[in-house]
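Proteins come first, then strands; the chains are lettered A, B, ... in the order of their sequence lines, and each starts at number 1.
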Amino acid sequence: MAVSKVGRSNDKWRFLSGTDVESAARSLLGCRVSAYGVTVRLTEVEAYSGVGDDPASHAHRGRTPRNTVMFGPAGVLYVYFTYGMHWCMNVVTGPVGRASAVLLRAGEVVDGIDTARARRTSRAGVVSTDRDLARGPARLTMALGVTGVDYGAELLDASSAVTLLPRVEAVPDSSIRNGPRVGVAGGADIPWRYWIDGERSVSPYRPRVLRKQ
DNA sequence: AGTAGGATAATCT
DNA sequence: GATTATCCTACTG
């Protein structure tokens with residue numbers, strides 16, 4: 001049967017396809033992501049706009065082979081490889097052509113914790129603490145077992161390997177904080193990092209390293 | 001508790 | 001050839 005896409009009959013995900021990536025980011029907090037036997041409750045995300053105003057966005061300079069899915073419909077997974085060893089995952093948001101996305105930065109493992117621990121054991125054999133299992137974008141992605149093969153996955157399709165699930169508990173607006181995004185080279189003044197206040201799984205703020213003057 | 005340095009490769013200029 | 005939406009380890013205090 002036809003997959004229910006964002007909007008139309010699927011009102012609960014309507015916020016994903018709106019034009020406002022900030023409110024999409026807020027609404028994703030508290031939602032769950034499930035993949036390969038592990039489920040995570042999102043506690044920290046970052047919004048990235050598309051072509052134009054946001055120099056930190058991978059889509060800022062237009063369409064390339066890497067960012068192609070960002071230009072498609074909302075509710076699709078954008079995965080990228082960085083720093084020679086890490087995968088990070090985003091939820092594409094906004095109308096087709098907008099190319100905005102929300103980076104999933106941290107979460108709390110709520111199911112499949114043994115699997116997550118196994119994936120988050122370092123080469124030296126050190127097992128992560130539960131708090132750190134999905135604290136940080138590459139850690140979150142690693143805990144879920146998500147890699148480049150999941151690029152373009154339909155997150156709202158229940159038969160997909162990677163799925164997005166609605167909030168189980170409400171997340172009041174008053175518990176949501178925001179501030180500058182982490183580690184970005186441009187747009188450091190845009191406060192598009194959102195997190196749930198008081199969550200231990202939120203990655204610590206690190207001022208970006210100064211490049212050159 | 002805080003920071004410095006290394007690992008390691010796709011992507012884009 | 002430079003840059004990168006990072007993580008881990010080891011060191012200092």
Side-chain angles (χ1 to χ4, degrees), chain A residues 21-22 24-26 28-29 33 38 40 42-71 76-94 98-107 109 116-152 177-195 200-213:
Chain A
V21 68
E22 299 176 64
R26 287 176 173 275
L28 280 168
L29 289 173
V33 180
V38 173
V40 160
L42 298 175
T43 56
E44 180 190 357
V45 299
E46 280 177 1
Y48 288 87
S49 191
V51 182
D53 304 327
D54 184 3
S57 171
H58 284 172
H60 180 238
R61 294 178 185 274
R63 188 173 186 145
T64 67
R66 177 175 70 163
N67 67 24
T68 294
V69 289
M70 292 180 74
F71 289 80
V76 169
L77 185 66
Y78 167 49
V79 188
Y80 68 91
F81 191 67
T82 191
Y83 291 105
M85 66 192 91
H86 298 303
W87 294 99
C88 294
M89 57 196 294
N90 297 246
V91 178
V92 175
T93 66
R98 171 67 59 113
S100 56
V102 175
L103 171 69
L104 310 184
R105 281 201 61 88
V109 175
R117 285 195 190 108
R119 290 190 182 128
R120 292 276 296 109
T121 300
S122 77
R123 197 184 297 175
V126 180
V127 184
S128 168
T129 62
D130 289 353
R131 182 194 184 195
D132 286 347
L133 280 174
R135 185 162 79 138
R139 291 166 169 181
L140 171 79
T141 305
M142 209 183 310
L144 288 169
V146 166
T147 64
V149 307
D150 300 301
Y151 182 92
R177 300 280 179 274
N178 70 300
R181 293 171 294 186
V182 179
V184 298
D189 51 325
I190 307 175
W192 280 1
R193 173 187 179 224
Y194 296 91
W195 67 93
R200 287 173 51 82
S201 60
V202 172
S203 57
Y205 173 66
R206 303 244 188 266
R208 92 180 173 86
V209 289
L210 295 173
R211 292 296 168 189
K212 56 181 176 182
Q213 315 243 44

> From the list C:dC7, C:dA5, C:dT9, which nucleotide is the closest neighbour of the side chain of A:A124?
Replying inline: C:dT9

> With a 4.5 Å limit on heavy-atom distance, are the side chains of A:Y151 and A:T68 in contact?
Replying inline: yes

> For A:R119 and C:dC7, what is the distance between atoms CZ and C1' respectively, to the nearest whole Å?
Replying inline: 18 Å

>> From CD of A:E44 over to C1' of C:dT6, roughly how many Å is that when rounded to an integer?
In response: 13 Å

>> Ignoring hydrogens, what is the shortest heavy-atom contact between A:L144 and A:V38? Give both atom names and the distance.
In response: CD2-O, 3.4 Å

> Where along nucleotides 7-13 of chain B does protein come under 4.0 Å, by heavy atom, of base (B) or sugar-phosphate alone (S), with - for untouched nucleotides?
Replying inline: BBB-SSS

>> Just to be sure I understand the rule, does A:A138 reach a base, reach only the sugar-phosphate, or reach nothing, if contact means heavy atoms closer than 4.0 Å?
In response: sugar-phosphate

> Can you list the stems that DNA chain C is part of, where a stem is at least 3 pairs in a row, each Watson-Crick or G-U, with both distances below 3.5 Å?
Replying inline: B:1-7 with C:6-12, B:9-12 with C:1-4

>> Between P on C:dT4 and CZ on A:R181, what's the gap in Å once rounded to a whole number?
In response: 14 Å

> So does A:S57 get a side-chain nitrogen or oxygen closer than 4.0 Å to the phosphate oxygens (OP1/OP2) of C:dA5?
Replying inline: no

> For A:R131, does the CZ atom sit with more than 12 other heavy atoms under 6.0 Å from it, leaving out its own atoms?
Replying inline: yes

> Side chains of A:L29 and A:V45: closer than 4.5 Å at any heavy-atom pair?
Replying inline: yes

> In whole Å, what is the span from the CZ atom of A:R193 to the P atom of C:dT6?
Replying inline: 11 Å

> Do the side chain of A:H60 and the main chain of A:V51 share a donor and acceptor less than 3.5 angstrom apart?
Replying inline: no

> Under 4.0 Å between a side-chain N or O of A:R120 and OP1 or OP2 of C:dC7?
Replying inline: no

> In Å and rounded to the nearest 0.5 Å, what is the CZ to CG distance from A:R26 to A:N178?
Replying inline: 5.5 Å

> Picking from C:dA5, C:dT9, C:dT6, which would you name as closest to the side chain of A:V126?
Replying inline: C:dT9

> So do A:R139 and A:L133 actually touch side chain to side chain, heavy atoms under 4.5 Å?
Replying inline: no

> Is there side-chain contact between A:M89 and A:V33, with heavy atoms separated by less than 4.5 Å?
Replying inline: yes

> Pairs in or reaching into residues 45-58 of chain A: which pass salt bridge (charged side-chain N to carboxylate O under 4.0 Å, His left out), with residues at least two apart or in two chains?
Replying inline: A:E46-A:R105, A:D54-A:R181

